[in-house]
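This report refers to the structure that appears directly beneath it.
The first residue in the sequence is number 1, and the count goes up from there.
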Amino acid sequence: ANFQDVHTNAAMLQDMLSQLYQRPIRLPKETYRFGDVHYRGLAEGKLHDLTLHGAFRTAIGTITTDGKIKSDSLFENMEYDAQVVGKKLRLGKLIGYAPLQKATLDIRSQGHINNGRVSGDVQAHIRQLTYNGYSYQDMHINGRYEPQRYSGYIYINDPHLNMAFNGTVDLHEHSPEINFDLDCRH
């Protein structure tokens with residue numbers, strides 16, 4: 001279907017899912033930070049096997065998507081493969097961390113969400129990321145993420161920070177591990 005302006009918000013979506021499954025469904029608190037969400041674009045498939053090509057206008061900014069989402073009947077386990085482009089996204093508002101401000105980015109990610117635990121692969125070009133009032137430029141990320149763990153490559157080519165990180169940061173409570181090579185020029 002081709003949509004010109006479909007809108008929802010977390011409360012509406014949570015109510016719809018609760019009615020659909022005849023039991024209370026609770027969405028993560030971060031979902032509410034998107035505010036009213038307007039979608040314009042193409043949606044193909046079924047509710048549990050959906051392909052989206054379009055743009056979401058939200059309280060954190062506009063996000064252009066090209067991707068697929070598959071889920072089980074209760075939306076507890078999902079697979080995704082998506083390209084996301086965002087301009088001047090208010091990421092700090094989304095995650096509740098004020099020093100992180102706007103970002104312009106292009107991300108490709110494939111992964112799974114199993115009972116709220118996200119894992120997958122990511123390739124990203126962050127063109128601009130504002131943190132504590134300074135706008136960092138030209139960051140590249142290529143790696144694998146899991147809850148409390150990232151393994152891969154991060155390269156930043158900013159006038160005030162030229163850095164290459166290659167390694168693993170694992171912050172699991174029982175056996176934290178940080179093992180990486182870092183080349184920092186300025």
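A distance-only check finds a donor-acceptor pair linking the side chain of T58 to the backbone of G61 [under 3.5 Å]. For the pair Y21 (side chain) and S73 (backbone), a donor-acceptor distance under 3.5 Å is present. Counting only distance, with no hydrogens or angles, the side chain of S109 and the backbone of A82 share no donor-acceptor pair below 3.5 Å. Side-chain N or O atoms of R57 include none that pairs as donor or acceptor with a backbone N or O of V37 at under 3.5 Å. A donor-acceptor contact shorter than 3.5 Å is absent between the side chain of T64 and the backbone of A55. At least one donor-acceptor pair under 3.5 Å links the side chain of R33 to the backbone N or O of L94. Of the possible polar contacts, none joining the T65 side chain to the G67 backbone as a donor-acceptor pair under 3.5 Å is found. Remark: side-chain polar atoms of T31 are not paired, donor with acceptor, to backbone N or O of L27 under 3.5 angstrom. Without hydrogens or angle criteria, N9 side chain to M12 main chain gives a donor-acceptor distance under 3.5 Å. Counting only distance, with no hydrogens or angles, the side chain of S151 and the backbone of R144 share no donor-acceptor pair below 3.5 Å.
Atom CZ of F34 is separated from atom OG1 of T8 by 12.5 Å, given to the nearest 0.5 angstrom. To the nearest 0.5 Å, the span separating CG on L161 from CE on M139 amounts to 8.5 Å. The CG atom of D72 sits 11.0 Å away from atom CD1 of I113, with the distance rounded to the nearest 0.5 Å. Here the CE-CG distance, from M163 to D183, works out to 9.5 Å after rounding to the nearest 0.5 Å.
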| query | Run the side-chain contact (heavy atoms from CB on, under 4.5 Å) check on N115 and N77 step by step: do they pass? | reply | CA-CA 6 Å; N115 297 312; N77 300 296; 4.2 Å; yes
| said: Could you go through H53 and E44, starting from their C-alpha distance and side-chain angles, then the distance that decides it, and tell me whether this counts as side-chain contact (heavy atoms from CB on, under 4.5 Å)? | reply: CA-CA 9 Å; H53 307 281; E44 300 174 318; 4.2 Å; yes
| M78 and I69: CA distance, side-chain angles, deciding distance, side-chain contact (heavy atoms from CB on, under 4.5 Å) verdict | CA-CA 7 Å; M78 297 184 196; I69 301 171; 4.1 Å; yes
| request: Using the side-chain contact (heavy atoms from CB on, under 4.5 Å) rule, take T168 and R149 through it: C-alpha gap first, then chi angles, then the decisive distance, then the call. | output: CA-CA 7 Å; T168 300; R149 187 176 197 278; 3.5 Å; yes
| request: Decide yes or no on ring-ring contact (aromatic ring centres under 6.0 Å, His included) for H7 and Y39, but give the supporting numbers first. | output: CA-CA 6 Å; H7 71 277; Y39 177 72; over 10 Å; no
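Both I63 and V6 are assigned to one and the same hydrophobic cluster, defined by single-linkage of ILVMFWY side chains at heavy-atom distances under 4.5 Å. L91 and I95 fall within a single hydrophobic cluster, where Ile, Leu, Val, Met, Phe, Trp and Tyr are joined by side-chain heavy atoms under 4.5 Å apart, directly or via other members. L129 and Y155 fall into different hydrophobic clusters, where Ile, Leu, Val, Met, Phe, Trp and Tyr are joined by side-chain heavy atoms under 4.5 Å apart, directly or via other members. Placement of V85 and I126 in two distinct hydrophobic clusters is found when ILVMFWY residues are connected by side-chain heavy-atom separations under 4.5 Å, directly or transitively. Connection of L50 to L42 is not established within any shared hydrophobic cluster, with ILVMFWY side chains joined at heavy-atom distances below 4.5 Å, either directly or through further cluster members.
Between I25 and L20, the closest side-chain pair of non-hydrogen atoms is not below 4.5 Å. Proximity of V122 to I107: side-chain heavy atoms (C-beta onward) are separated by under 4.5 Å at one or more points. A heavy-atom distance below 4.5 Å is not found between the side chains of T62 and F56. A 4.5 Å side-chain heavy-atom check between E79 and Q110 finds every atom pair outside the cut-off. Looking at I156 and D138, their side chains never come closer than 4.5 Å, going by heavy atoms from C-beta outward. For the pair L17/Q14, no side-chain contact is recorded, criterion being any heavy-atom separation below 4.5 Å from C-beta on.
For S71 and H48, the side-chain atoms include at least one donor-acceptor pair closer than 3.5 Å. Residues H125 and D106 have side chains that never bring a donor and an acceptor to within less than 3.5 angstrom of each other. Judged by distance alone, the side chains of R40 and Q4 do bring a donor and an acceptor atom under 3.5 Å apart. There is no side-chain donor-acceptor pair under 3.5 Å between D181 and N166. For the residue pair Q128 / S135, a side-chain donor-acceptor distance below 3.5 Å is found, with atom types taken as modelled. Looking only at atom types and distance, the side chain of H160 has no donor-acceptor partner in the side chain of N162 under 3.5 Å away. Side-chain atoms of Q123 and Y153 form no donor-acceptor pair, as typed in the model, at a separation below 3.5 Å. Side chain to side chain, D170 and H172 meet the donor-acceptor criterion of an N or O pair below 3.5 Å.
The existence of a salt bridge linking K68 and D81 is excluded, since no basic side-chain nitrogen approaches an acidic carboxylate oxygen closer than 4.0 Å. Checked for salt-bridge contact, E76 and R26 miss the test: no charged N lies under 4.0 Å from a carboxylate O.
Considering every non-hydrogen atom in both Y80 and H112, the closest pair reads CE2-N, 3.5 Å. When every heavy atom of Q101 is checked against every heavy atom of G133, the shortest pair comes out as OE1-N, 3.3 Å. In this structure, F3 and A43 approach most closely via the heavy-atom pair CE1-CB, 3.5 Å. Of all the heavy atoms in R90 and A59, the pair that sits closest is NH1-O, 3.1 Å.
For Y136 and Y134, the ring centers are positioned less than 6.0 Å apart.
Note on ring orientation: taking the six-membered ring where Trp is involved, the planes of Y150 and F165 are tilted (angle from 30° to 60°).
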